[in-house]
Structures are given as structure tokens and as C-alpha cells.
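Working notes, structure below.
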Amino acid sequence: MNGKLSWKMALRQLKAQRHLNIPFILASALMFMMEYIILSLLMNKYVIERSTTLITIVQMGAIICTLLAALFVLYANNFYQKQRYEEMGLYSILGLEKRHIRSILRKEKIIQTLAMIALAIPGGHLFGSVVFLGLNKLMHETGTTLMEYPLRWPIVLGTIIIIVAIMGLCTFVNARKVTRLNPIELIHQQSAGEKEPKSKWIITLLGIGLVGYGYYIALTNTQNVLGSLSQILLAILLVVLGTYALYMGLSIMILKFMKRRQNFYYKPTHFFTVSGMLYRMKANAVSLASIAVLSTGILVTSGLTVSLFRGMEEQVNSTMASDYTVTDDGTEPATKDQLQQVLTKIKQQVKTTDETITEDLLVAAELKNQSQLAPLDPPADNKDANINAMYYMDIHSLSDFNQLHKQNQALKDNEVLMTATTPVLRQHKTLTIAGKEYHVKTLDQSYLSSKLAVDYFLLVLPDNVSLTDIGNYYYMFNREMEKLPATPAYSLQFNVSGNKDVFEKNRATIEKDYQVSIDSRQEAQKLIYELNGGFLFLGIVVGIVLSIGVGLMLYYKQVSEGMEDRENFRIMAQVGLPDSLIHKTIHQQILTVFLLPLVTAVIHIGVAFGILRTLLRLLAVRDMTSVLMNFGFVTLAFVIVYGIFFILTQRTYYQIIKPKSLAAREE
């Protein structure tokens with residue numbers, strides 16, 4: 001067979017099998033569109049400039065997305081090819097050699113690959129741009145400067161390489177299958193059933209161990225935000241791997257246990273459901289585990305995204321309670337007299353209210369012996385510094401705290417007001433600060449600021465304690481690793497009533513004349529929306545990617561099972577089983593398959609809530625009551641969407657099964 005003829009046969013077969021070919025190309029292209037969007041974030045200016053941690057998260061997301069895309073395309077390809085084994089067997093009987101069949105299949109895959117590239121690249125960029133523009137609209141277009149979405153050719157090339165690699169793997173699998181089977185086996189392969197799988201004790205125990213250890217990390221993690229990140233990634237990896245192992249091992253053992261219970265098994269609906277799932281579980285385990293992992297990912301990303309969006313205004317209020325804040329410009333620490341002069345100058349231009357000049361000290365310390373805040377060791381002398389126990393301290397004097405927050409708190413010489421970003425830190429009854437032990441009086445969390453996206457203590461000391469002395473105790477290090485005292489900083493806060501235009505025109509002049517920096521609440525709001533806008537974009541894109549993955553896998557799963565079960569249900573109808581029993585069996589089987597991943601995802605989310613709180617602390621979102629409500633709302637919404645998936649795919653399954661059943665009745 002010459003090359004021209006094989007190309008003609010490949011094109012003809014693609015056209016003849018368009019009812020299988022078009023859905024396969026469209027579904028795979030959708031997955032690769034999402035792959036393009038995830039990869040584009042790796043070169044996004046916002047992601048690069050935000051932090052190295054975010055880059056790591058996006059890289060991990062790109063790896064997971066690639067694996068899921070490969071898994072889905074291989075799963076869909078297996079279903080697609082299984083419907084064509086009879087056709088390939090007939091080719092062999094009619095005289096085509098296996099190398100000719102492999103050539104035709106290879107050319108079909110080349111055409112499919114080109115079609116996917118033509119759809120995935122433009123579609124991915126267009127869809128990513130639409131999401132980006134929609135988010136900018138939602139964010140009042142404050143994130144445009146940081147969140148660009150350009151077309152980058154390295155990303156295009158990377159996506160093409162991934163598509164070619166995955167489709168090449170599909171071609172290899174198909175060719176290997178054709179080579180191994182003879183023509184008669186190919187003809188009967190389409191209707192071949194699965195053998196009863198054996199119990200897999202080793203895989204089951206491995207799955208229990210992986211998920212158990214991942215849960216243990218999630219439930220017992222008490223480290224600070226910086227130290228928790230590596231543990232969070234490890235816990236996620238363990239739970240994902242453990243989920244696959246449990247579905248491949250434990251699910252078969254449970255079904256076999258049900259089969260051994262005669263009072264349960266030998267009931268019509270249970271008999272058909274359990275036996276059908278048992279013989280199919282070997283092939284179903286990976287797809288069910290994938291759906292469970294995808295569903296968990298949807299709940300995580302959607303919950304984090306909603307919590308971040310709803311918490312942004314709170315971050316603004318926490319960061320800038322007043323209209324303006326004046327601090328030093330970084331050249332020299334501002335003095336109280338200097339800020340008083342600035343305030344006098346500002347009052348000449350605009351009417352101000354609620355003016356306060358306060359002093360605070362921001363230093364880092366290591367938490368030792370549960371309650372001792374000790375100075376950090378020099379990095380040069382301690383290369384393995386205990387970052388897990390490092391916390392910042394935002395220290396204020398009592399009078400300044402009362403003035404700033406309009407409070408009337410009182411302290412004894414050995415008492416300190418304290419609140420912190422985590423429940424574990426807030427449980428301290430005593431704290432040793434600068435070598436002196438203080439009894440703790442707990443403050444409300446509402447006093448915490450969003451300026452620090454790390455775990456820290458907010459401390460209010462008696463007025464007779466010098467913040468300068470505290471700064472000398474908790475030194476810092478310069479580039480030469482020399483100790484430097486931590487210097488307290490003064491700041492001026494005030495509100496403006498009336499027209500701000502005059503002050504805004506002269507603001508730069510005041511900053512230059514007095515060597516200060518004047519920050520406005522409006523600018524802080526814009527900056528917070530810019531910074532968090534990228535996270536929202538990432539969350540929306542990842543949520544859409546995973547949702548499409550779940551929908552496509554559910555669709556292909558039900559279609560492939562419908563094709564396999566059609567003959568079985570036709571035989572059931574022929575031997576006299578009523579349609580009502582057949583429909584009840586189908587409903588119970590589909591419902592069980594749908595509920596397993598959903599229940600698994602909800603359990604994963606419940607256990608991982610502590611880890612999710614840590615991630616949100618990294619984003620300076622600390623209202624856990626609101627976060628819990630957000631995750632509850634997201635879970636409820638997902639259950640509704642998942643239920644819609646169930647109804648649609650169940651209807652597709654019935655459409656495949658029902659015609660054969662009715663035909664059998666008519667015979």
C-alpha cells in the first residue's frame with residue numbers, strides 16, 4: 001500500500017467514524033486549551049513578580065494539568081479505538097497487513113493532532129483573554145498593569161510539544177494493540193468483557209498509608225506559613241497518590257465483600273449493580289480516582305478564590321484604616337517632631353480629622369520552649385535556621401494603641417496585650433519578650449493588619465517599656481551579617497474631610513520637602529486588588545480547567561460503559577427481565593459511580609481545611625468564619641452542578657441502552 005492510498009483511507013475512515021472522531025477531537029482540544037492557559041501563567045508578568053512560591057504552585061499545577069490531560073486523552077482514545085477493533089480485524093481478513101493498518105492509524109492520529117493544535121492554541125488564548133478581561137472588569141480594571149495576557153511563542157511551542165507527545169503515546173498504544181492481536185481477536189475485542197479482578201492487598205495498604213499520612217500532616221500541621229508550604233505540597237501529593245491506590249485496591253475488596261454477603265448480593269438490583277461494577281472496576285478505578293481528585297481540586301480552588309475575593313475589602317480596611325498614612329521615605333527614620341510638622345503643613349491645605357502619631361516596632365524572633373521569643377541567630381552561623389519557628393512581632397506601646405484604636409486598655413508592668421494570626425499562637429498564657437516574662441491578655445483578631453502576609457504576633461507593651469531597648473535586643477543583620485538594632489518607626493494617620501484635590505496636588509512637594517512617604521487608602525485598595533487579581537485569575541482558570549475535566553471524563557465514562565453494557569441489557573430484556581428492574585439497576589449503578597468521587601472529595605476538603613486556612617493566611621485572609629461559609633457555599637454549588645452532570649450523563653446512558661432493550665422486546 002502506497003502512502004497516498006493510506007492517507008485516503010485514513011481521511012475516509014475519519015469521516016465515516018465522525019460520530020466518534022469529532023467528540024474525541026473536541027474533548028481533547030478542550031483539555032489542551034486549558035493546558036495552554038496554565039502554561040501561559042508560567043510566563044505571566046504577575047506570576048513572575050509576585051513571589052517564588054506562586055511560581056512553584058503554578059509549576060506544580062502545570063504538571064498536574066499535563067498528567068490529567070494525558071490521562072483523559074488516553075482514556076478517551078481507548079474508548080475510541082475499542083469501537084474500531086472490529087473494523088481493523090476486517091481489514092486484516094481482507095488482506096491488509098498489520099503494518100498497513102498501523103500506517104493508517106498513524107496517519108489518522110496525525111490528522112487528529114493537527115486538528116487539536118488548530119483548535120487548542122487559538123481557543124486557549126482567546127478563552128484566557130476573555131477570562132482575563134472579565135476579571136479586570138470585576139476588579140474595576142485595577143490589575144491591568146500587572147496582569148498582562150500576551151501571546152508568547154514559547155508557550156505555543158510548549159503546548160504543541162505536549163499535544164504531539166500525548167498523541168504519539170496514543171499512537172504507540174494503538175499500534176501495540178494491533179500487533180499483539182490476530183484478526184479474530186480484533187473482531188471480538190470490542191465485545192470482550194473484563195475478568196473478575198483479584199484483591200490487591202499491597203496496593204490497598206499502600207493507599208491507606210499514603211492517605212493516612214497525608215491526613216496526619218494536614219491535621220497536625222502547626223508550623224508557621226513559611227514552614228508549612230513544603231508540608232502542604234507533600235500532603236497534597238500523598239493524598240492524590242493514595243486516592244488512586246485506594247480506588248484500585250480497596251474498591252475491589254469492598255465489592256467482593258458485598259458479593260460474599262448472600263442476603264445482600266442475591267437481590268436483583270444489588271446483584272446486577274455489584275457484579276457489573278466488580279467486573280468493570282479494574283478499568284474504572286483510575287477514572288473514578290481521577291474524577292475524585294479533579295472534584296477535590298475544584299472545591300479547593302473555588303473555595304480559595306471566593307474567600308480571597310470576599311476578603312479583599314477587609315484587607316483594605318485592615319491595611320489602611322485611615323485615608324492617609326505618613327511614614328519615612330526609607331532614607332532616615334521619621335521622628336515624632338518631623339511628622340508633627342508634616343501634619344501642620346497638611347492642615348494648611350485641607351481639613352483633617354482623627355490625627356494620630358504612633359510608634360511601632362517590627363522585628364523577627366524565634367519561638368523557643370513554646371513561649372520564649374528569642375533573637376534570631378546569624379544565618380552565616382546557622383545555615384539550617386529554624387524557619388518553622390520564626391515569627392514576626394508587631395510591637396506597640398499601650399498609649400499609642402489606645403489612641404490609634406480609641407480604646408481604654410490597662411496593663412500592669414508584667415502584662416502584655418497579644419493576638420496572633422493562628423489559634424496555636426493565641427493560646428499562649430505567658431510570653432518571654434526581650435528576656436522578661438509577661439502574662440498575656442488576649443486581644444481580638446480584628447486588630448491584626450493585612451500588611452504582613454506571614455504569621456506574626458501583635459503585642460502591646462506597658463508604656464514604661466522602651467521600644468528602642470526592645471529593638472536593641474531583637475537585632476537585624478545587614479548584608480555583611482553584622483548585627484544592627486531594629487529601629488522603631490513613627491507613623492502619622494489622618495482622615496480628610498472635604499475636597500482632597502488641593503492636598504493631592506501638593507502631596508509630592510510635601511514628601512520631597514520633609515523626606516516622608518504619604519500613602520493613601522485609595523492607592524492601597526488599588527494595590528491589593530492588583531496583587532490579588534492575579535490569584536483570582538489563576539483560581540478561575542484552574543477551576544474551569546478542572547470542571548471541564550470532570551465533565552468530559554464523566555461523559556466519556558458513561559458513553560463507553562453504555563456501549564459495553566448495551567448487549568448485556570439486551571440479553572436481560574430477552575430473558576424476561578422487566579424494564580423497570582433494568583432501569584432501577586442502571587440508576588443505582590450510575591448513582592453509586594457518581595457518589596463515590598463526590599463523597600471522597602468532600603472528605604478530602606474537610607480534612608484539608610486546616611491547610612486551606614494556612615494558604616489563606618499567606619494571602620492575608622484571616623476571617624475563618626467567613627471562609628468556612630464560603631467553602632460551604634462552594635461545596636453546595638458544586639453538588640448542584642455535579643447533580644446536573646449526573647442527570648445529563650444518565651440520560652446519555654439511557655439513550656444508548658434503551659433502543660436495544662426495546663428492540664429485544666419487539667423481537
Using every non-hydrogen atom in the two residues, find where [X] and [Y] come nearest and quote the distance to one decimal.
| X | Y | value |
| --- | --- | --- |
| A235 | G214 | CB-O, 3.8 Å |
| L361 | L467 | CD2-O, 3.5 Å |
| L210 | G242 | CB-CA, 3.7 Å |
| V634 | S302 | CG1-CB, 3.5 Å |
| L288 | P597 | O-CG, 3.9 Å |
| S322 | F494 | CB-O, 3.6 Å |

### Task
Quick one: list whatever passes side chain to side chain contact (heavy atoms under 4.5 Å, CB included) with L246, sequence neighbours left out.
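Scan of L246 (side chain to side chain contact (heavy atoms under 4.5 Å, CB included), adjacent residues dropped) gives I208, V211, L250.
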### Message
Tell me every residue that passes side chain to side chain contact (heavy atoms under 4.5 Å, CB included) with A601, counting only those two or more places apart in sequence or in another chain.
### Response
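Applying side chain to side chain contact (heavy atoms under 4.5 Å, CB included) to A601 gives S295, T296, L299.
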Does a donor on one side chain sit under 3.5 Å from an acceptor on the other, for [X] and [Y]?
| X | Y | value |
| --- | --- | --- |
| T325 | D519 | no |
| T356 | Q493 | yes |
| N464 | D413 | yes |

Just to verify, what does [X] make a ring-ring contact (aromatic ring centres under 6.0 Å, His included) with, not counting sequence neighbours?
| X | result |
| --- | --- |
| F638 | Y642 |
| H439 | none |
| H604 | Y215 |
| Y438 | none |

### D394 and H396: CA distance, side-chain angles, deciding distance, side chain to side chain contact (heavy atoms under 4.5 Å, CB included) verdict
CA-CA 7 Å; D394 186 14; H396 301 257; 3.3 Å; yes
Would you please name every residue forming a side chain to side chain donor-acceptor pair (under 3.5 Å) with [X], sequence neighbours left out?
| X | value |
| --- | --- |
| Y490 | none |
| E504 | Y324, R507 |
| D463 | S399 |
| N414 | none |

### side chain to side chain donor-acceptor pair (under 3.5 Å) between S290 and Y247, worked out
CA-CA 10 Å; S290 299; Y247 270 86; over 6 Å; no
Under 3.5 Å donor-acceptor, [X] side chain and [Y] backbone:
| X | Y | answer |
| --- | --- | --- |
| K441 | A410 | yes |
| D323 | V496 | yes |
| E437 | T430 | no |
| Y474 | A486 | no |
| T301 | I298 | yes |
| Y392 | L458 | no |
| Q340 | D337 | no |

If you define the side chain from C-beta out and look only at heavy atoms, does anything of [X] sit under 4.5 Å from [Y]?
| X | Y | value |
| --- | --- | --- |
| L398 | P462 | no |
| L373 | T432 | no |
| L367 | H428 | yes |
| L362 | M393 | no |
| I346 | T352 | yes |
| D400 | D360 | no |
| F609 | I605 | no |
| F457 | L431 | yes |

### Message
For a side chain to side chain contact (heavy atoms under 4.5 Å, CB included) check, start with the C-alpha distance between D328 and V516, then their side-chain angles and the critical distance, and finish with the verdict.
### Response
CA-CA 4 Å; D328 62 70; V516 295; 5.8 Å; no
### Query
Would F401 and T358 count as a side chain to side chain contact (heavy atoms under 4.5 Å, CB included) if you check the C-alpha gap in whole Å, the side-chain angles of each, and the deciding distance to 0.1 Å?
CA-CA 8 Å; F401 177 82; T358 57; over 6 Å; no
[X] [atom1] to [Y] [atom2] distance, which is reported to the nearest 0.5 Å:
| X | Y | atom1 | atom2 | value |
| --- | --- | --- | --- | --- |
| S497 | N495 | OG | CG | 8.5 Å |
| I433 | M418 | CD1 | CE | 8.5 Å |
| S397 | N402 | OG | CG | 9.0 Å |
| Q338 | I357 | CD | CD1 | 10.5 Å |
| L241 | L238 | CG | CG | 7.0 Å |
| I510 | L343 | CD1 | CG | 10.5 Å |

### Message
Counting only heavy atoms not in Q409 (residues, nucleotides, ligands), do more than 12 fall under 6.0 Å from its CD?
### Response
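More than 12 within 6.0 Å, yes.
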### Query
Is the number of heavy atoms from other residues, nucleotides or ligands under 6.0 Å of Y213 OH greater than 12?
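At most 12 heavy atoms, drawn from other residues, nucleotides or ligands, come within 6.0 Å of this atom.
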### Task
Could you please spell out the steps behind the side chain to side chain donor-acceptor pair (under 3.5 Å) verdict for T421 and Y391?
CA-CA 10 Å; T421 52; Y391 296 93; over 6 Å; no
### Task
Under the side chain to side chain contact (heavy atoms under 4.5 Å, CB included) rule, what do I470 and V465 come out as? Steps first, then yes or no, please.
CA-CA 8 Å; I470 299 290; V465 178; 4.0 Å; yes
### Message
Test of understanding: with salt bridge (charged side-chain N to carboxylate O under 4.0 Å, His left out), list the residues that count as partners of E355, not counting sequence neighbours.
### Response
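In terms of salt bridge (charged side-chain N to carboxylate O under 4.0 Å, His left out), with neighbours along the sequence ignored, E355 is linked to K347.
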### Task
Applying salt bridge (charged side-chain N to carboxylate O under 4.0 Å, His left out), name anything that partners R426, two or more places apart in sequence or on another chain.
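None.
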